[in-house]
Amino acid sequence: VDVLSLVSEKITAIKSSADMISDMFYYNENLSTYHCNETYTDQEKALIQERIDGIESLLGMTRTISELEFDYLFLMNNGYKYGSVPQEDLERYSLDYYRNEIWFLQLMEKKEVWVPTYTDGKNRNIISYVRGIYKEDNELIGLFMFNIYEETIRKCYESFQGEPMIYIVDNEGNIISHKDQELIGI
């Protein structure tokens, strides 16, 4: 059995799932029309929530089928935020929270970025896929952040017998997944 090919296929499937799920939100015409407003009325907020709830029902099936563990956030310039994280966690996030991050500057140029592994407040390693939300004039008005938990990736190779020493690295050579959690991010 070619272990590296199997791991590569599983990780490619995870990335494809991340792309598909983020597309469900990002390209949803019903939601995107509301991203451009400076403020939202209560009626618009209710309509946005209704449309997100429709997508959420599809995500439940996707989580079950793909065994992908993830969360997501919408953060808008006007203060609107929504996510699958608990409400008390959501309150600490804002677009300004991320503006000084290196990847945020890359987002301004590339429109979407993969954020290197970082640790959340619950000491879990996360890899994020972030897409900017822009007005027609290319002004950034928000972002969509899709967070994949590292243990989802680690499960792709932990089951192989003989416990091969596998390092999953990003394009920059940073370790994003390894059974020795101390090595992640190096």
Tyr118 vs Ile127, side chain to side chain contact (heavy atoms under 4.5 Å, CB included): CA-CA, chis, key distance, verdict: CA-CA 7 Å; Tyr118 60 95; Ile127 300 141; over 6 Å; no

Check the pair Glu158 / Ile153 against side chain to side chain contact (heavy atoms under 4.5 Å, CB included), numbers first and verdict last. CA-CA 9 Å; Glu158 277 187 332; Ile153 295 171; over 6 Å; no

List the steps, then state whether side chain to side chain donor-acceptor pair (under 3.5 Å) holds for Glu69 with Thr152. CA-CA 6 Å; Glu69 191 176 351; Thr152 301; 4.6 Å; no

Residue pair Met76, Ile141: steps toward the side chain to side chain contact (heavy atoms under 4.5 Å, CB included) verdict: CA-CA 6 Å; Met76 306 303 287; Ile141 58 170; 4.1 Å; yes

Test Lys111 against Leu107 for side chain to side chain contact (heavy atoms under 4.5 Å, CB included), laying out the working first. CA-CA 5 Å; Lys111 310 294 186 210; Leu107 180 67; 5.6 Å; no

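We find the CD-OG1 distance between Glu150 and Thr117 to be 7.0 Å, quoted to the nearest 0.5 Å. Of the inter-residue distances, the one linking Gln49 atom CD with Ile52 atom CD1 reads 5.5 Å to the nearest 0.5 angstrom. In this structure, CG on Leu90 lies 10.5 Å from CG on Asp71, to the nearest 0.5 angstrom. One finds the SG atom of Cys156 at 5.0 Å from the CD1 atom of Ile11 (value rounded to the nearest 0.5 Å). If you take CD1 on Ile175 and CD1 on Ile166, they are separated by 13.0 Å, rounding to the nearest 0.5 Å.
Contact check for Trp114 versus Asn171: no side-chain heavy atoms found under the 4.5 Å cut-off. Using a 4.5 Å heavy-atom cutoff, the side chains of Lys10 and Ile14 are not in contact. Contact annotation: the side chain of Glu44 approaches that of Thr41 to within less than 4.5 Å [non-hydrogen atoms, C-beta and beyond]. Side-chain contact between Ile168 and Tyr157 is present, with heavy atoms from C-beta onward closer than 4.5 Å.
Within a 6.0 Å sphere centred on CD of Glu172, other residues, nucleotides and ligands contribute 12 heavy atoms or fewer. A 6.0 Å sphere centred on CD of Glu182 holds no more than 12 heavy atoms belonging to other residues, nucleotides or ligands. Annotation for Asp53: atom CG counts as buried by contact number, over 12 foreign heavy atoms lying within 6.0 Å. The number of heavy-atom neighbours closer than 6.0 Å to NZ of Lys110, taken from other residues, nucleotides and ligands shown, is 12 or below.
When each of Leu75, Val113, Leu73 is tested with Leu143 by the rule side-chain contact (heavy atoms from CB on, under 4.5 Å), just one qualifies, namely Leu75.
Of all non-hydrogen atoms in Met24 and Ile55, the two that sit nearest each other are O-CD1, 3.5 Å. Annotation for Ala18 and Ile148: closest pair CB-CD1, 3.8 Å, computed over non-hydrogen atoms. When all heavy atoms of Arg131 and Asp23 are compared, the pair lying nearest together is NH1-OD1, 2.6 Å. Closest approach of Leu68 to Ser17, counting heavy atoms only: CD2-CB, 3.7 Å. Among all heavy-atom pairs drawn from Arg154 and Lys179, the shortest one is CD-CA, 3.8 Å. When all heavy atoms of Met145 and Val130 are compared, the pair lying nearest together is CE-CG2, 3.7 Å.
Proximity of the aromatic rings of Phe70 and Tyr149 is defined here by a centroid distance below 6.0 angstrom, and this criterion is not met. Ring to ring, Phe144 and Phe74 are close: their centroids are under 6.0 angstrom apart.
Side-chain atoms of Asp180 and Tyr167 form no donor-acceptor pair, as typed in the model, at a separation below 3.5 Å. A donor atom on one side chain and an acceptor atom on the other are not found under 3.5 Å apart for Glu139 and Tyr134. Using a 3.5 Å distance cut-off with no hydrogens or angles, the side chains of Thr119 and Arg124 do not pair a donor with an acceptor.
In the hydrophobic clustering of this structure, Ile186 groups with Met165; members are Ile, Leu, Val, Met, Phe, Trp, Tyr whose side-chain heavy atoms approach within less than 4.5 Å, directly or through other members.
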Let me have the donor-acceptor pairs involving side chains of residues 97-106, under 3.5 Å, with sequence neighbours excluded, atom names and distances please.
from	atom 1	to	atom 2	distance (Å)
Arg99	NE	Asp96	OD1	2.8
Arg99	NH2	Asn77	OD1	2.6

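Both the sub-6.0 Å distance and the 45° axial angle are not jointly satisfied by Lys81 relative to the ring of Tyr93.
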